[in-house]
2 protein chains.
Amino acid sequence: MSSFSRVRPGRPRLVPDIGVGTPREQVLEAAARLFTSKGFAATSTREIAEAVGIRQASLYYHFAGKDEILAALLATTVRPTQVVVEEIVALVPPERVETALCLLALVDIDTLARVPHNVGVLYQLPDVVSATNLDYASFRQAHSELTEAYANLGSRVAERYGVSTSPPALGSMLIQQVEGVITLRTDGKAVDSDRATEIAAGCLRLCGCDRAEVDESIRRAKALHEQLTPRTTQSVMSPG
Amino acid sequence: MSSFSRVRPGRPRLVPDIGVGTPREQVLEAAARLFTSKGFAATSTREIAEAVGIRQASLYYHFAGKDEILAALLATTVRPTQVVVEEIVALVPPERVETALCLLALVDIDTLARVPHNVGVLYQLPDVVSATNLDYASFRQAHSELTEAYANLGSRVAERYGVSTSPPALGSMLIQQVEGVITLRTDGKAVDSDRATEIAAGCLRLCGCDRAEVDESIRRAKALHEQLTPRTTQSVMSPG
DNA sequence: GTCTATAGGCTGATAGAC
DNA sequence: GTCTATCAGCCTATAGAC
């Protein structure tokens with residue numbers, strides 16, 4: 001909206017606005033970068049303001065407080081929802097659970113790899129979790145539902161291959177594997193399409209799939225995945 | 001040392017000392033609990049002091065500053081060193097790489113599960129990483145050496161089963177799987193011996209092992225593991 | 001919409017009594 | 001070895017001018 005005209009209402013900034021997007025978006029961009037790299041509590045509102053090129057007090061025109069900035073960032077959904085899981089399952093013939101699991105993993109990995117500034121880390125920070133002014137509970141529930149989806153699909157696959165790991169344990173192992181994407185980005189490593197495929201294949205092997213089944217499921221899931229996310233550059237992401 | 005006599009030099013505390021261990025240990029215990037649950041930056045020295053039952057300023061008799069408390073905690077080694085890796089490899093006949101990998105995983109899982117207050121999380125916190133007054137680099141190197149050990153053992157196993165994942169990718173997947181212990185403890189879930197076994201088995205499946213090989217390697221590795229850590233309660237740990 | 005100015009609180013740390 | 005007392009600095013947030 002702001003890029004339509006450089007002449008905006010209100011007093012001009014000391015430093016002219018050279019950023020992209022609305023001021024609000026600029027704040028969120030800077031906050032995401034700082035929160036993920038230094039942590040929430042360790043980042044001051046002054047630093048955020050300075051990164052944007054405005055004064056500390058000016059933040060409070062756009063957000064009610066530091067917590068609100070964090071809440072807005074967390075609202076940036078970074079994981080597949082229950083609805084998406086159901087779509088994925090519906091896309092795949094019931095006898096091909098392996099493909100469904102693989103597709104879920106690919107979609108999830110892709111989401112985590114693409115989200116700006118590795119915002120996925122925020123959900124893992126203790127000071128974010130314990131800063132319970134916000135409805136962190138709703139995230140927890142969404143996350144545990146996603147874990148259940150992994151547990152459900154994974155254990156149906158495991159059954160076929162005689163793997164006896166309990167569904168909850170298998171679910172947490174699978175989601176842990178997928179969330180390796182967050183770790184990789186934190187460590188400054190890029191997550192490209194090949195890496196995504198390797199992680200998804202790892203998920204299948206975790207459930208006991210043999211090589212032939214892994215290859216076949218990967219092939220089918222990748223086809224479906226490209227069909228789900230058409231025309232965009234595939235899963236290539238800078239580490240930041 | 002302090003428990004020999006309750007009468008210690010110096011002015012008595014306002015609140016009588018009912019804690020265990022030396023005052024220094026009490027501070028570390030409280031700091032570990034608070035740092036891991038609230039984060040480093042979000043924890044004040046006043047909170048630590050209050051938890052111990054002393055005044056904020058009294059902390060500075062035992063530690064030069066907040067950073068020093070953190071550094072002392074990080075010095076609590078929580079992962080197998082290069083030397084331990086070599087010992088493990090030496091324990092297992094060369095043709096049983098699967099067993100070596102499994103044993104490494106079990107030892108590592110056990111270490112992470114037993115360390116007080118889930119101190120392993122500290123190494124993942126952005127504010128700890130960016131608080132580089134301390135030699136965080138040495139930890140990074142130790143961690144990357146451990147990842148390499150997983151990569152090395154894992155890819156030797158993978159080779160046998162026709163799994164073509166690159167060693168670095170496999171290494172990061174394996175260590176990610178093991179570090180699921182940290183996540184589990186953060187989520188308040190206990191990590192008992194059965195869970196440890198399931199995770200170790202997952203590591204083997206990640207490398208392509210079939211069921212028979214997984215079972216055999218687990219059996220051998222557990223025997224060696226018990227031999228390494230005799231007479232202690234096996235891997236049972238409270239979540240905190 | 002951004003500025004200046006400032007309030008009020010909490011922080012990490014030091015000095016010196018006991 | 002722990003206390004009291006205190007400091008200077010930074011923090012979030014508000015009020016009101018432009």
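FYI, side chains are in, hydrogens and waters are out, and symmetry mates aren't considered; it's all heavy atoms of this structure. Residue numbers begin at 1 in each chain, while the letters A, B, ... track the order of the sequences.
Evaluation of the salt bridge (charged side-chain N to carboxylate O under 4.0 Å, His left out) test over residues 40-61 of chain B, restricted to residues two or more places apart or in two chains, returns B/Lys38-B/Glu47.
Remark: A/Lys66 fails to qualify as a cation-pi partner of A/Tyr60 under the 6.0 Å distance and 45° angle criteria applied to the six-membered ring.
Applying the side-chain hydrogen bond (donor to acceptor under 3.5 Å, both in side chains) rule to B/Asp194 yields no partners; only residues at least two apart in sequence or on another chain are considered.
When the P atom of C/dC3 is taken as reference, atom CZ of A/Arg8 falls 12 Å away, rounded to whole Å. In this entry the distance linking CD of B/Glu68 with P of C/dG12 reads 15 Å, nearest Å. For the pair B/Asp17 CG and D/dC3 P, the interatomic distance rounds to 11 Å; values are reported in whole Å. Atom pair B/Ile48:CD1 and C/dA13:C1' shows a separation of 14 Å (rounding to whole Å applied). Rounding to whole angstrom units, CZ of residue B/Arg13 and C1' of D/dT4 are separated by 17 Å. C/dG12 atom C1' lies 16 Å from atom CZ of B/Phe63, rounded to whole Å. In this structure, B/Phe35 atom CZ and C/dG12 atom P are separated by 9 Å, rounded to whole Å. Protein atom CG of A/Leu59 is 17 Å distant from nucleotide atom P of D/dA15, rounded to whole Å.
Within the 4.5 Å cutoff, the side chain of B/Glu148 has no heavy atoms near those of the B/Pro168 side chain.
Closest heavy-atom contact between B/Ser37 and A/Ser130: O-OG, 4.1 Å.
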Hey, what are the protein-to-nucleotides 11-13 of chain D N/O distances that come in under 3.5 Å?
from, atom 1, to, atom 2, distance (Å)
D/dC11, OP1, A/Ser44, OG, 3.4
D/dT12, OP1, A/Thr45, N, 3.3
D/dT12, OP1, A/Lys66, NZ, 3.4
D/dT12, OP2, A/Thr45, N, 2.9
D/dT12, OP2, A/Thr45, OG1, 2.7
D/dA13, OP2, A/Tyr60, OH, 2.7
D/dA13, OP2, A/Lys66, N, 3.0
D/dA13, N7, A/Gln56, NE2, 3.1
D/dA13, N6, A/Gln56, OE1, 3.1

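Classified by interplanar angle (parallel below 30°, tilted 30° to 60°, perpendicular above 60°), the ring pair A/Tyr123/A/Tyr136 is tilted.
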